[in-house]
Amino acid sequence: MKILHWSFLGRAGIGRRFALWILAFSSIVTLTLVALQLTIEFNRDVLGIERLLDQIEESNSSSLASSLWVVSKDGVQLQLDGLLRLPDMQYLEVRTDTGQIMGQAGNPPGKEQVLRKETPLYFVHRGKQILVGKLIAVASLNGAYQRLKDKVVVILISQTVKTFLVSLFILFLFQIMVGRHLQKIAQHTESAEAGAGYPDLALDRKNRIYERTDELSQLVNALNGMHRRLDSAYRRLRDSEEIARLMVDEVSDYAILRLDSEGRIASWNQGAERIFGYSAREILGRPYTDFFTPAENADGVGARLLGIVKKEGEAFVEGVRVRKGGAQFWAESSWAALKDQSGKLVGIAVVTRDVSERKRAEFEQHRLGRALRLLSDCNLIMAHAEQESVMLNDVCRLIVETGGYMMAWVGVPEQDVAKSIRLVAQSGYEQAYLEGFQVSWDENHPNGRGPAGTAIRTGITQVLQNPLANPNMTPWREAAMRRGYQSAIALPLIIHQQTMGVLVVYAAESEAFNDAEVSLLEELSRNLAFGLDTLRVQGRSQAAEAANLAKSAFLANMSHEIRTPLNAITGMVGLMRRSGVTAEQGERLDKIEAAGEHLLDI
């Protein structure tokens, strides 16, 4: 295995940045030290030149003063030429006290940097110092600068090489001791998968005692511990998610699904497949508004609902939804916004339940309640009815207004050749449905095979939950379809075991008449038949009473008309008895008297 991988010098590697920082810091330190060293060397050179000038003053001022005293230009010039040979000396000049130049050597200074020193020249004569002139010494700094440049080149090259080698060595040590291990840690961490039981990380080291507790070992131990904890947590989470998924998937009574933030379906359980009819492959990615009715989608109901959930965080909705294939059903849905720790919306949970059976039960309960109120109201009408036609029309009106049915009518069978049914009462939405009414109870005639004719003929209630599909409704099918009649019931009105009429009721819904409602309507028909019978009995009683009254009046009148001649006849019989009669005559008078008394007793 290679110890050093030069990939750590790559553009994005920490080794490259580490090397650059080492070089940058070493360069800064080197340049700082070099600058300090050169400054010291330059100051040292300048100090040496200044000392040289001082030495010239100390060593040559007396000899130059002596040459000026004796006015020896050659002696002055000879000394100046000798001094000019000293290092860094550029120009020397001797003047008398009057300013006359006695000698000069070198080039006068220009704009370059120089050190200049003027030294007065004194000659001692008879114990007295006499000023005879001055010495002007100019030293050039060019030599010092040149030496400084030479040193800069040497120092920079040596320091650069040293810095590079030291940095490279440090980088090499870093890669051996740290870098390669960091690479392995990164590769191990990148290839590790939660729940896969990945082995612990082990570094390629000799496992020396001091290496067991260093920072890398602490990092490796921490990473291994973290991997084990994460693996264990992942296994627990995976198990809990699997249990949750199984629980959600196995729920068949509820459609549990998740939407993304835009309302598209992101998850789908078996309950959703059972309720809506779509498989997960068919529905995932499609908008939830596919389940709304066309009218709701045209009105933007789905978009408004999504906005409410995003704003309020939850919503509860009950309404009609659409299955695969277009079938509609009643459903209730709970919506809840799913947000992350920062409060950002990441999805929407929707739980939907098919409540068609409950709605149907509620509807049936409502209809049953209406039927009970209808029965009660009709009983009240029949209890106070005085006329048969009024009672029948009032009952039909209550069937429509209280019972909520579309139309009701009552017919009675005729004993004519066509066995027709005569319409005697009706109420509700019929739009000329009963115009030209032609219904029979003759089973051999098409008009006699409908529910009304069959009920009269058989005396059995006829329920048509979908009359439009019944072939016996052919004569009236088109008219019923135009008026929205979806179901019907025909109830025979039986009096003394004889069908005296039929009550026919139409509803706007198919399957509108359940068993309980049929029972209540049959009770209503029996009560109505009883009411009819009662009114008819009352009619017959009133006729008999009227006849008795007429008879009594007739008899009273007749008694008055007969009593007068009878009294005369009775008186005459008494007179004849007083005047004497034979036995045969007496017997005849007895009969006349008995007949008269009998007539008087009437």
Side-chain angles (χ1 to χ4, degrees), residues 3-61 64 77 79-94 103-119 134-179:
I3 295 178
L4 183 61
H5 299 278
W6 292 103
S7 61
F8 73 95
L9 290 175
R11 177 172 297 180
I14 189 174
R16 182 176 183 271
R17 297 194 299 273
F18 187 71
L20 291 177
W21 279 108
I22 290 176
L23 288 174
F25 179 75
S26 300
S27 299
I28 293 172
V29 172
T30 299
L31 290 175
T32 302
L33 294 177
V34 167
L36 180 61
Q37 182 179 354
L38 292 177
T39 301
I40 293 173
E41 292 291 337
F42 180 75
N43 291 334
R44 185 180 299 167
D45 279 355
V46 172
L47 184 59
I49 295 173
E50 290 176 349
R51 288 177 180 174
L52 177 62
L53 294 176
D54 292 339
Q55 186 177 0
I56 291 173
E57 178 183 0
E58 292 175 0
S59 302
N60 299 94
S61 58
L64 289 172
Q77 188 63 44
Q79 292 184 63
L80 292 178
D81 290 339
L83 292 173
L84 187 61
R85 294 187 184 92
L86 294 174
D88 299 316
M89 293 305 298
Q90 179 178 346
Y91 179 72
L92 293 166
E93 178 183 296
V94 174
Q104 59 183 3
N107 299 317
K111 295 182 179 181
E112 65 271 16
Q113 292 185 346
V114 295
L115 290 178
R116 177 188 176 95
K117 186 173 185 180
E118 295 185 4
T119 303
K134 63 180 179 180
L135 170 64
I136 299 174
V138 177
S140 174
L141 295 179
N142 290 338
Y145 285 122
Q146 185 61 45
R147 289 189 296 274
L148 183 63
K149 292 179 182 178
D150 295 339
K151 291 179 181 178
V152 166
V153 173
V154 174
I155 292 174
L156 284 179
I157 292 175
S158 62
Q159 291 295 331
T160 299
V161 172
K162 182 183 71 174
T163 301
F164 177 76
L165 293 176
V166 170
S167 300
L168 186 62
F169 180 70
I170 293 174
L171 190 59
F172 179 77
L173 290 178
F174 174 82
Q175 175 61 14
I176 292 177
M177 300 179 66
V178 179

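Predicted model only: the values in this text are computed from it and were never measured. In what follows, residues are counted from 1 in the order of the sequence shown.
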* To do: Show your working on side-chain contact (heavy atoms from CB on, under 4.5 Å) between Arg44 and Ile40 and close with a plain yes or no.
  => CA-CA 6 Å; Arg44 185 180 299 167; Ile40 293 173; 3.8 Å; yes
* **Closest approach of Val114 to Pro109 (non-hydrogen atoms, all atoms of both residues)** => CG1-CB, 4.1 Å
* To do: Verify side-chain contact (heavy atoms from CB on, under 4.5 Å) between Leu141 and Asp45, making sure each step is shown before the conclusion.
  => CA-CA 9 Å; Leu141 295 179; Asp45 279 355; over 6 Å; no
* Roughly how far, to the nearest 0.5 Å, is CD of Gln77 from CG of Leu84? -> 9.5 Å
* To do: Begin from the C-alpha positions of Thr30 and Val34 and carry the test side-chain contact (heavy atoms from CB on, under 4.5 Å) through to its verdict.
  => CA-CA 6 Å; Thr30 299; Val34 167; 4.1 Å; yes
* Can you find a heavy atom in the side chain of Met89 that is under 4.5 Å from one in the side chain of Leu53? -> yes
* Asked: Which heavy atom in Gly143 sits nearest to a heavy atom in Asp88, and how many Å separate them?
  -> CA-OD1, 3.8 Å
* Verdict with supporting geometry, Lys117 and Asp54, side-chain contact (heavy atoms from CB on, under 4.5 Å) -> CA-CA 9 Å; Lys117 186 173 185 180; Asp54 292 339; 2.2 Å; yes
* Is a donor on one side and an acceptor on the other found under 3.5 Å between the side chain of Ser59 and the backbone of Ile56? -> no
* **Gap separating the CD atom of Gln79 from the CG atom of Leu135, nearest 0.5 angstrom** => 9.5 Å
* Asked: Do you know which two heavy atoms are closest between Pro108 and Tyr91, and how far apart they sit?
  -> N-CD1, 3.6 Å
* **Leu33, Val152, Asn43 screened by side-chain contact (heavy atoms from CB on, under 4.5 Å) with Leu38, the one that passes** => Val152
* Structure fact -> CD1 of Ile49 to CG of Leu86, rounded to nearest 0.5 Å, is 11.5 Å
* To do: Please check if any side-chain donor atom of Gln146 sits under 3.5 Å from a side-chain acceptor atom of Asn142, or the reverse.
  => no
* Structure fact -> The residue among Val94, Leu83, Thr119 that forms side-chain contact (heavy atoms from CB on, under 4.5 Å) with Asn60 is Leu83
* **4.5 Å side-chain heavy-atom contact, Lys149 and Val153** => no
* Under 3.5 Å donor-acceptor, Glu93 side chain and Ala105 backbone -> no
* Structure fact -> In this structure, CD of Glu41 is separated from CG of Leu148 (nearest 0.5 Å) by 8.5 Å
